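If you're wondering where the values come from, they're calculated on a predicted model, not measured in any experiment. Computed over heavy atoms, backbone and side chain alike; hydrogens, waters and symmetry mates excluded. Chain A is the first sequence line, chain B the second, and so forth, proteins listed ahead of strands; every chain is numbered from 1.
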Protein chains: 2
Amino acid sequence: MSVKIKFDLNAGLYIKDPQDSILGRKIIQFSVEMIHAIGFESFNFKKLAAEINSTEASIYRYFENKHLLLLYLVNWYWEWIIYLIQFNTVNVVDAKEKLKIVVHSLVFATTENLMVEFINVNKLHKIVVFEGTKAYHTVEVDKENSIGLFKSYKDLTAMIASIITSVNPEFKYPSTLASNLYEMSNNQLYFANYLPKLTDIHLKTNQETEVEKMLNYFLNKLLN
Amino acid sequence: MSVKIKFDLNAGLYIKDPQDSILGRKIIQFSVEMIHAIGFESFNFKKLAAEINSTEASIYRYFENKHLLLLYLVNWYWEWIIYLIQFNTVNVVDAKEKLKIVVHSLVFATTENLMVEFINVNKLHKIVVFEGTKAYHTVEVDKENSIGLFKSYKDLTAMIASIITSVNPEFKYPSTLASNLYEMSNNQLYFANYLPKLTDIHLKTNQETEVEKMLNYFLNKLLN
DNA sequence: TTTTAATGATAGCAATACTATTATATTAAA
DNA sequence: TTTAATATAATAGTATTGCTATCATTAAAA
């Protein structure tokens with residue numbers, strides 16, 4: 001199945017909504033491809049423009065700079081995970097079951113039943129694992145936070161935290177556990193691939209399944 | 001008390017050992033000050049050179065580029081934490097007690113009895129909290145890892161993991177928990193300061209004490 | 001005292017991150 | 001259908017960054 005998904009992302013992220021035009025969608029689509037391929041540091045608007053047969057100036061009409069483009073993508077990703085969790089927890093009542101679905105969504109960031117037209121979610125997930133934290137580790141945090149550019153991350157955290165609380169109302173740090181679950185999932189996937197000494201996941205295949213198992217092991221100890 | 005500390009950092013981090021000359025030490029000292037003040041992104045060798053009345057070219061004789069300078073600082077930090085843990089666990093036999101010292105060292109990154117001459121450890125800690133992960137989230141990870149540029153992080157993780165295992169030999173993921181303890185400590189301090197919705201730590205003062213308490217709470221649930 | 005090593009001074013170059021201007025399509029409103 | 005508005009392309013240009021090269025000067029070692 002394929003659905004047309006359009007998230008309402010904070011307007012401060014862009015100058016012109018890229019979801020509303022062909023060029024805009026091409027910018028999103030190929031920035032995902034390109035950042036995935038060469039990394040955020042060596043990615044720039046000139047290269048992107050060449051790739052999509054457009055110009056630097058045209059891209060600047062959509063995004064103020066490449067940092068905000070990354071932040072846009074990461075916000076899209078956060079919204080995507082929220083959507084995934086909602087989608088997969090429909091009709092699920094048991095809180096423990098819900099939490100397992102959260103973990104699954106964070107680790108796999110995809111479902112077989114759901115596809116997106118112009119964003120390669122798999123590659124976006126890898127970008128988030130690789131470069132994600134750079135989007136909110138910047139001197140501009142306070143300013144960007146004050147205009148709502150991290151709202152989706154907060155929403156995601158709140159959503160997970162409330163599930164954690166319904167699994168165990170006594171647990172003292174639901175928000176911390178929620179954000180840590182997200183960060184830990186990304187980190188451990190990164191470590192498994194690049195710095196295996198920093199993790200206990202050593203398989204080259206089925207890493208996601210192993211990380212999923214591990215996170216559930218942690219959650220079990222923490223919440224029971 | 002003040003001790004002259006010289007860590008043996010991997011020679012691949014620098015061109016000329018900055019610990020061995022006045023200029024070298026000034027580079028280290030003022031890069032800490034400057035990155036702390038303006039952030040890593042806007043920091044560059046030209047500005048640093050102006051600050052220490054030297055030249056760009058001279059700094060390039062010590063470090064290939066600013067990324068490797070950051071990685072040098074972060075490696076120094078990792079070694080510092082290892083040193084701190086060793087220092088503070090001398091004569092401590094109880095594993096649980098040791099683990100508490102680990103947490104304390106990670107969160108505070110300092111002791112009153114110990115000072116370093118030319119590095120402001122407090123500011124370095126803040127740099128690590130703010131920019132630390134950028135040092136190992138780069139397209140060059142594999143290459144840099146293969147020549148040992150992340151060795152200190154691995155050593156630190158191994159050290160903590162072994163303490164975790166002696167607290168509870170049944171615990172399945174000691175390395176993961178070790179690296180996550182480090183990452184979580186930094187993350188939660190960052191969130192408490194800049195994105196408080198992502199954590200349960202809300203105090204502006206005594207954040208460290210709160211984070212310490214929180215990490216011990218987590219560890220307690222995980223290992224008992 | 002001569003040689004070597006470290007630093008400083010200066011210059012320059014290619015790439016990056018933008019901005020500005022004008023031209024040309026495309027679309028929408030009158 | 002014409003006109004007006006809007007989106008994109010083409011081109012140019014500027015300030016900054018990241019880095020290299022060269023040569024002069026100073027300080028330290030042999």
Inset, instruction - For the residue pair B:Glu212 and B:His104, confirm or rule out a side-chain donor-acceptor distance under 3.5 Å. - result: yes
Inset, instruction - Answer with yes or no whether the side chains of A:Asn145 and A:Lys154 bring together a donor and an acceptor at under 3.5 Å. - result: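 Yes, a side-chain donor-acceptor pair sits under 3.5 Å.
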Take the protein atom [atom1] of [X] and the nucleotide atom [atom2] of [N], then report the distance between them rounded to whole Å.
{"X": "B:Ile38", "N": "D:dT16", "atom1": "CD1", "atom2": "P", "answer": "14 Å"}
{"X": "A:Ile15", "N": "C:dA17", "atom1": "CD1", "atom2": "P", "answer": "16 Å"}
{"X": "B:Glu64", "N": "D:dT17", "atom1": "CD", "atom2": "C1'", "answer": "17 Å"}
{"X": "B:Phe40", "N": "D:dG18", "atom1": "CZ", "atom2": "P", "answer": "9 Å"}
{"X": "A:Leu68", "N": "C:dA17", "atom1": "CG", "atom2": "P", "answer": "13 Å"}
{"X": "B:Ile22", "N": "C:dA6", "atom1": "CD1", "atom2": "P", "answer": "13 Å"}
{"X": "A:Asn44", "N": "C:dA17", "atom1": "CG", "atom2": "P", "answer": "5 Å"}
{"X": "B:Leu69", "N": "D:dC19", "atom1": "CG", "atom2": "P", "answer": "12 Å"}

Quick check for you: among [options], whose closest atom lies nearest to any side-chain atom of [X]?
{"X": "B:Leu23", "options": "C:dT7, D:dA9, D:dG18", "result": "C:dT7"}
{"X": "B:Arg61", "options": "D:dG18, C:dA9, D:dT17", "result": "C:dA9"}
{"X": "A:Thr55", "options": "D:dT11, D:dA21, D:dT22", "result": "D:dT11"}
{"X": "B:Tyr60", "options": "D:dG18, C:dT7, C:dA17", "result": "D:dG18"}
{"X": "A:Asn65", "options": "D:dG18, C:dC18, D:dC19", "result": "C:dC18"}
{"X": "A:Lys16", "options": "D:dA7, C:dA20, C:dT7", "result": "D:dA7"}

Legend entry - Note: B:Lys197-A:Asp155 ion pair, threshold 4.0 Å (strictly below): no
Inset, instruction - Check every strand shown and say whether B:Tyr62 touches a base, only sugar-phosphate, or nothing at a heavy-atom separation below 4.0 Å. - result: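 Sugar-phosphate, backbone atoms only, no base.
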Inset, instruction - Would you indicate what A:Asp20 reaches in the nucleic acid, counting non-hydrogen atoms under 4.0 angstrom: base, sugar-phosphate, or nothing? - result: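 Touches nothing.
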Inset, instruction - Establish whether the base of C:dC18 is bridged to the side chain of A:Glu56 by a donor-acceptor pair shorter than 3.5 Å. - result: yes
Legend entry - Cation-pi check, B:Lys66 onto B:Phe43 ring (under 6.0 Å, within 45° of axis): no
Legend entry - Phosphate OP1/OP2 of C:dA17 contacted by A:Lys46 side-chain N/O (<4.0 Å):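 Indeed not, no polar side-chain atom of A:Lys46 lies that close.
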Inset, instruction - Kindly say if A:Ser54 contacts the phosphate of D:dT8, meaning a side-chain N or O under 4.0 Å from OP1 or OP2. - result: no
Inset, instruction - Quick one: sort the B:His137 and A:Phe130 rings into parallel, tilted or perpendicular, breaks at 30° and 60°. - result: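 Rings of B:His137 and A:Phe130: perpendicular, as their planes differ by over 60°.
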